[in-house]
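Take a look at the structure below.
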Amino acid sequence: MKYPIPFDHALFPLVAVFRAPAERGPSSKVASIATNYGGALKLAPRRYAAARELRVRTPDDAKKSDSFQNERPDGNPGADASHFHFLPGIDDVEIRWKVDRPLLASKTRFELWCATDGTAPVWSSDHEGAPTSGQEEGSIACSEIRIASDDRFPDRCPNAAHAPYQLRMVVTDRETGCVSTAWTYFDVVVDSIQLHWGAQALVPPGDIADVLPIYNALTDRDEKALVTALGQTTTRVPDTGTIEVLLKSTNAAYVNVDEWYSWRDFCFLRFKGRWGDGPRIPVIAKVFMKGLAGPVHSADAAKALGPARFLWDWCDRSETDRRAALAGVDSTTKAFVMKGLKYKENAVGEPPACLNAHADRGGKRGGASRVLPEWSDRAKFPFTVAAATTRSWAVFSTARTDGAQACCSGVVFQPCRMGGDTYKLRVFLATGRFAAALDVTDPMTRLVSDHDGLPGAESAMVEVLRQVDARYIRKGTSTPRMDLGAITTAYACGG
């Protein structure tokens with residue numbers, strides 16, 4: 001499906017077929033004249049008020065929408081001859097109308113219909129006679145379109161969340177009651193999206209689930225430091241390369257020698273107690289609206305964005321890439337690592353072919369803990385986030401039209417603590433019919449290819465690494481130094 005959605009009459013309720021009034025029958029006086037003079041007398045057609053033209057345009061007429069009418073449909077342009085768009089409250093545009101024989105009109109009605117609701121117009125305005133008495137044409141400022149405020153239109157203006165729009169002008173003839181309609185289309189369009197790291201202040205309050213109480217203070221400190229470090233160089237999330245998320249591990253303070261033995265799993269249990277469900281990393285989608293003069297991101301543009309929805313998706317590193325990364329590792333280690341990654345492959349509720357750690361081994365794959373959690377309390381996180389239905393690992397977030405996060409949307413990205421887990425994040429605009437089209441189980445690459453022009457953004461591959469800070473004491477200069485690089489390399493294949 002293409003974005004923006006092409007203008008199509010079928011997106012909106014049908015305009016009634018125009019019925020011209022019947023011509024007057026000849027009176028006896030008229031018939032007598034025709035007979036006496038021996039000629040054919042052609043009767044004048046009935047004259048009536050009719051809607052001729054309706055457009056949204058810039059005052060200089062440099063850019064304008066196409067006009068359609070039901071009285072003379074043969075003269076209508078193609079359904080998508082011109083895809084006119086503007087930003088309400090920012091771009092200077094007006095509604096231009098024309099009416100044939102306006103003195104014969106009993107009433108004129110303007111209606112605005114949105115593509116997401118075919119039950120009733122979202123705005124209407126009634127005029128006795130023609131819009132401007134006696135004049136065949138005139139204009140209305142677009143600021144006069146004041147939609148009743150509700151959850152769909154919090155700022156009372158057309159927005160991208162419910163675009164595109166059809167504007168109608170319905171003219172009723174006074175004597176015959178004949179009704180004619182002219183209409184036009186316009187759109188409110190998202191230009192592009194950027195991913196940014198959220199500030200430390202956006203980390204939800206409270207402790208990470210499943211962290212042991214004795215570690216809460218340390219983990220809270222390290223979580224905030226991690227979020228700050230990610231956005232320290234630039235808040236823009238990189239879209240190429242690898243982003244390393246280093247999680248400090250606690251291995252010290254052993255009670256007795258038994259804790260050294262791997263079969264007791266104390267290293268695993270301490271790391272689990274240290275990070276629980278994983279760090280909470282706010283990620284923000286900064287939205288740019290498409291204005292007549294170019295992209296706009298501002299509080300005013302947020303009104304034109306409206307409560308638009310966005311689908312947040314993720315996938316992990318492919319098996320091919322994982323095997324390539326293990327190319328230099330000995331065969332026994334490689335086989336051990338790949339066996340662990342492919343344990344209970346294609347678990348329910350995860351992206352296709354996901355090879356991150358399974359819940360049975362301490363990971364999130366196949367478990368209840370989410371990589372993209374839901375949020376409904378905006379006091380804890382400023383965006384509403386709800387799980388998708390079919391694409392169960394993904395979520396939908398809603399944009400903000402006010403406050404510090406206006407013209408943005410966002411999620412809390414909570415990767416699993418397990419070293420070696422990988423995540424590529426992607427966000428898609430999910431307005432109108434795109435919400436259902438994206439909520440499917442297809443691979444992420446299919447979503448991109450199937451929706452030409454749909455605004456979105458993606459991150460580089462994020463890799464979680466368990467950070468073990470080590471120190472050693474060497475006795476005298478004659479004792480060989482440890483090869484820390486070799487140790488790092490040996491442990492790297494396990495994250």
Side-chain angles (χ1 to χ4, degrees), residues 197 200 203 207-234 238 241-282 317 322 325-326 328-330 333 336-337 340-341 356-357 361-364 369 371 413-423 460-477 479-495:
W197 300 117
Q200 184 190 110
V203 175
D207 300 322
I208 297 173
D210 221 16
V211 171
L212 292 177
I214 59 170
Y215 291 133
N216 275 331
L218 279 175
T219 303
D220 179 68
R221 180 202 66 187
D222 291 342
E223 180 183 49
K224 290 177 178 176
L226 169 65
V227 170
T228 300
L230 286 171
Q232 201 159 27
T233 303
T234 173
T242 301
I243 303 167
E244 293 185 347
V245 173
L246 302 177
L247 302 184
K248 290 188 176 181
S249 178
T250 302
N251 282 318
Y254 290 97
V255 175
N256 57 57
V257 72
D258 279 352
E259 292 200 33
W260 286 94
Y261 296 130
S262 61
W263 63 270
R264 290 189 180 274
D265 249 356
F266 280 115
C267 289
F268 169 83
L269 293 174
R270 285 182 180 276
F271 191 55
K272 177 178 182 293
R274 184 73 155 80
W275 284 102
D277 280 353
R280 298 164 299 182
I281 303 171
R317 184 174 285 148
R322 290 180 187 270
L326 294 169
V329 178
D330 69 89
T333 302
F336 177 83
V337 171
L341 293 175
N356 284 342
R361 306 287 176 85
K364 289 191 173 184
S369 183
V371 172
F413 168 47
Q414 193 168 15
C416 177
R417 68 180 179 276
M418 298 298 285
D421 274 10
T422 57
Y423 307 86
M461 189 64 73
V462 178
E463 182 173 17
V464 176
L465 296 174
R466 179 175 174 180
Q467 178 180 331
V468 180
D469 295 330
R471 179 180 300 173
Y472 74 95
I473 300 173
R474 185 163 63 103
K475 184 177 180 180
T477 56
T479 305
R481 290 182 178 274
M482 293 179 68
D483 187 347
L484 297 180
I487 294 173
T488 298
T489 301
Y491 279 89
C493 62

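Keep in mind the model is a prediction, meaning the values are calculated, not measured.
Taken from CG in Leu341 to CG in Leu326, the straight-line distance is 7.5 Å, to the nearest 0.5 Å. The OG1 atom of Thr228 lies 10.5 Å from the CD atom of Glu223; values are rounded to the nearest 0.5 Å. Summarising the geometry, atom CG belonging to Asp207 is positioned 11.5 Å from atom CG belonging to Leu212; distances are rounded to the nearest 0.5 Å. Of the inter-residue distances, the one linking Arg417 atom CZ with Asp210 atom CG reads 7.0 Å to the nearest 0.5 angstrom.
Counting only heavy atoms from C-beta outward, the side chains of Val464 and Met418 never approach each other to under 4.5 Å. Residues Leu226 and Leu247 have side chains in contact (heavy-atom distance under 4.5 Å, counting atoms from C-beta outward). When side chains are defined from C-beta on, Val468 does not count as touching Tyr491, because their heavy atoms never get closer than 4.5 Å. In this structure the side chain of Val211 never reaches within 4.5 angstrom of the side chain of Asp220, judged on heavy atoms.
For the pair Ser369 (side chain) and Asp277 (backbone), a donor-acceptor distance under 3.5 Å is absent. Trp275 places no side-chain N or O within 3.5 Å of a backbone atom of Cys416 that could act as its donor or acceptor partner. With Arg274 contributing its side chain and Tyr215 its backbone, the two residues share no donor-acceptor pair below 3.5 Å. Within the 3.5 Å criterion, the main-chain N or O of Gly278 finds a donor-acceptor partner in the side chain of Gln414.
In this model, a donor atom of one side chain and an acceptor atom of the other lie less than 3.5 Å apart for Arg466 and Ser249. Looking only at atom types and distance, the side chain of Glu463 has no donor-acceptor partner in the side chain of Thr242 under 3.5 Å away.
Taking every heavy atom of both residues into account, Val203 and Arg280 meet most closely at CG2-O, 4.0 Å.
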* **Residues Val227, Trp197; criterion side chain to side chain contact (heavy atoms under 4.5 Å, CB included); working and verdict** => CA-CA 8 Å; Val227 170; Trp197 300 117; over 6 Å; no
* To do: Applying side chain to side chain contact (heavy atoms under 4.5 Å, CB included), run through Asn356 and Thr422 and close with a yes or a no.
  => CA-CA 7 Å; Asn356 284 342; Thr422 57; 3.8 Å; yes
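Within 6.0 Å of CZ on Arg474 lie more than 12 heavy atoms contributed by other residues, nucleotides or ligands. Residue-environment remark: CZ (Phe268) exceeds the threshold of 12 foreign heavy atoms within 6.0 Å.
Between Lys364 and Asp421 no salt bridge is recorded (no basic side-chain N to carboxylate O distance below 4.0 Å).
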